Number of protein chains: 2
Amino acid sequence: MDRAAVEGGPHSVLPIGASGLDSPMAMPLYLQVKSHLIRRILVGEWKPGEVLPSEMKLAEGYGLSQGTVRKAIEELAVEGLVSRHPGRGTFVTSHKGDYRPFRFHLFYSDLGSRLVEVAPDYLSCSRSIASPRAAQALQIDLRAEVAEVLRVRRQDGAPVMTENIMISTELCPGIETILQDEKPASIYLALEQHYNLLIVRVDERIRARAASAEDARLLQLPTGTPLLEVERVAFSLGGEPVEWRLTVCETSHTHYLNQISG
Amino acid sequence: MDRAAVEGGPHSVLPIGASGLDSPMAMPLYLQVKSHLIRRILVGEWKPGEVLPSEMKLAEGYGLSQGTVRKAIEELAVEGLVSRHPGRGTFVTSHKGDYRPFRFHLFYSDLGSRLVEVAPDYLSCSRSIASPRAAQALQIDLRAEVAEVLRVRRQDGAPVMTENIMISTELCPGIETILQDEKPASIYLALEQHYNLLIVRVDERIRARAASAEDARLLQLPTGTPLLEVERVAFSLGGEPVEWRLTVCETSHTHYLNQISG
DNA sequence: CAGTGGTCTAGACCACATC
DNA sequence: ATGTGGTCTAGACCACTGA
């Protein structure tokens with residue numbers, strides 16, 4: 001075998017053995033293939049929803065056996081970057097389609113239905129200055145510009161949750177216009193379609209707090225009511241923080257469900 | 001190959017092809033092996049911390065190739081039931097040892113340290129009657145007996161978290177005595193060592209609530225203070241609910257961290 | 001040193017989807 | 001009919017562990 005590199009396409013990124021560092025087993029070949037495939041997805045060679053070449057084609061391209069490429073793809077599938085369908089092929093994950101839509105939304109009504117199943121109301125959507133917490137989380141300048149969205153979710157007509165969202169306009173220029181016009185139910189789908197940014201991980205820090213005057217007004221309840229506060233940072237496939245979000249939820253008929261296994 | 005079943009030991013459970021249903025690919029062989037290994041662990045053939053036979057030995061025992069058995073074991077490793085160590089062997093997971101101890105405890109101080117790193121104070125430990133919520137979660141009779149524990153955790157000397165724990169005495173006879181005597185930092189380690197019950201999954205429902213008079217007394221703060229309430233049900237390897245736990249935490253210098261990926 | 005799990009290959013057959 | 005991913009085999013070499 002000649003460890004052929006991937007050549008030819010306009011999207012060719014880096015041949016696997018390009019650095020002189022491919023001494024035997026420095027890093028397993030399947031992990032090198034995995035990294036290389038991630039870079040090719042990142043760079044847009046295959047966009048969300050599109051199909052990858054077959055295992056055999058990729059194996060030929062890399063000059064490796066099918067089994068090695070298969071192991072790389074299997075890890076991508078476990079991590080949710082691609083999904084595999086027998087007889088059809090391997091597809092880049094999209095928030096569109098049937099692949100676990102809204103898999104990052106863990107709020108449930110106490111009766112079991114998911115709170116995300118009703119579209120949110122957009123109260124405002126504008127350019128703004130990042131809050132200190134958002135700026136730190138997004139690793140941007142303390143007074144950098146962001147798109148800011150304020151949304152409310154209802155359950156049986158009553159408002160139960162507010163979402164304050166900030167996205168760097170440097171990373172996503174024009175995002176405030178898109179959100180303003182489309183008012184999407186899934187912001188992550190919008191990021192994916194307009195900026196090729198695939199959200200693959202979110203960190204959520206959860207606290208209890210008393211309702212501020214603003215909370216009380218938006219959620220129509222007394223100031224001081226205990227509320228659940230979830231501060232989220234969403235990261236793209238490339239590991240960049242893309243979105244900061246502060247969700248505040250009234251939990252008398254709602255809860256956050258976390259199932260931890262392994 | 002003759003698809004030899006596992007014979008001989010006193011712990012032999014079920015040969016893989018025992019039912020007449022091993023028509024080709026009804027269920028993949030590696031999944032059958034996986035299920036069989038889980039049953040053998042459940043039944044105590046190898047206890048937490050002990051080593052499994054090597055892949056080759058298991059493959060010979062089942063009359064399959066090493067690769068098939070490997071795939072079964074790899075899934076067990078991903079699910080956290082076993083851990084693999086090159087050159088040493090495959091071990092049944094234990095909460096003891098270095099395998100992600102306290103991996104179900106997601107409370108952190110705002111400075112980043114884990115709240116579980118200081119041993120809790122045991123305030124009380126007794127036999128009691130299950131609360132309605134606990135009885136429902138543990139799938140036991142509404143007035144069934146449980147062991148009830150009340151613990152408090154401190155941060156820099158100040159109490160920040162109470163834990164109210166109920167465990168069915170039917171499933172774990174004598175557990176109240178063990179907890180009373182040992183006051184273990186990890187209840188799951190105690191369940192594992194005394195009852196061969198391995199906790200592999202917990203469901204947590206999170207809400208905000210106002211401090212009750214009892215909360216206020218235990219945490220030394222005003223009644224009505226917003227607190228984070230986490231209602232946990234812990235499940236054993238066999239899927240039975242084993243423990244119900246209500247954690248109440250003051251979150252002005254503490255948070256619950258959930259990292260969601262895939 | 002022998003034994004372990006980790007990687008890699010090259011082949012085979014299967015169920016499934018699409019045309 | 002063709003091509004896909006899914007399963008399974010049988011061999012090889014490697015790095016690491018522990019006696």
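Nothing here was measured: the structure is a model prediction, and the numbers come from that model.
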A.B. asks: Do B/L197 and B/C172 have side chains that get closer than 4.5 Å, going by heavy atoms?
C.D. replies: yes
A.B. asks: Going through the distances and angles, do A/V202 and A/Y188 end up as a side-chain contact (heavy atoms from CB on, under 4.5 Å)?
C.D. replies: CA-CA 11 Å; A/V202 306; A/Y188 298 165; 4.2 Å; yes
A.B. asks: Return no unless some side-chain N or O of A/K71 is found under 4.0 Å from OP1 or OP2 of C/dT7.
C.D. replies: yes
A.B. asks: What is the distance, to the nearest angstrom, from the CD atom on B/Q66 to the C1' atom on D/dT9?
C.D. replies: 11 Å
A.B. asks: Can you measure B/R84 atom CZ to C/dG3 atom C1' for me and round it to whole angstrom units?
C.D. replies: 14 Å
A.B. asks: Any salt bridge linking B/R232 with B/E163? Criterion: basic side-chain nitrogen under 4.0 Å from a carboxylate oxygen.
C.D. replies: no
A.B. asks: Taking the side chain as every heavy atom from C-beta outward, state whether A/Y62 and A/T68 have any pair of such atoms under 4.5 Å apart.
C.D. replies: no
A.B. asks: Taking OP1 and OP2 of C/dT4, is either one under 4.0 Å from a side-chain nitrogen or oxygen of B/K57?
C.D. replies: yes
A.B. asks: So, is B/T68 near the phosphate of D/dT9, with a side-chain N or O under 4.0 Å from OP1 or OP2?
C.D. replies: yes
A.B. asks: What about B/R88, does its side chain sit under 3.5 Å from the base of C/dG5 through a donor-acceptor pair?
C.D. replies: no
A.B. asks: Determine: side-chain N/O of B/S54 to OP1/OP2 of C/dT4, distance under 4.0 Å, yes or no.
C.D. replies: yes
A.B. asks: Does a side-chain N or O from B/R70 land closer than 4.0 Å to OP1 or OP2 of C/dG6, or not?
C.D. replies: yes
A.B. asks: When the distance from CD of B/E74 to P of D/dC8 is rounded to whole Å, what number comes out?
C.D. replies: 14 Å
A.B. asks: For C/dT4, take OP1 and OP2 only and decide whether either is under 4.0 Å from a side-chain N or O of B/T90.
C.D. replies: no
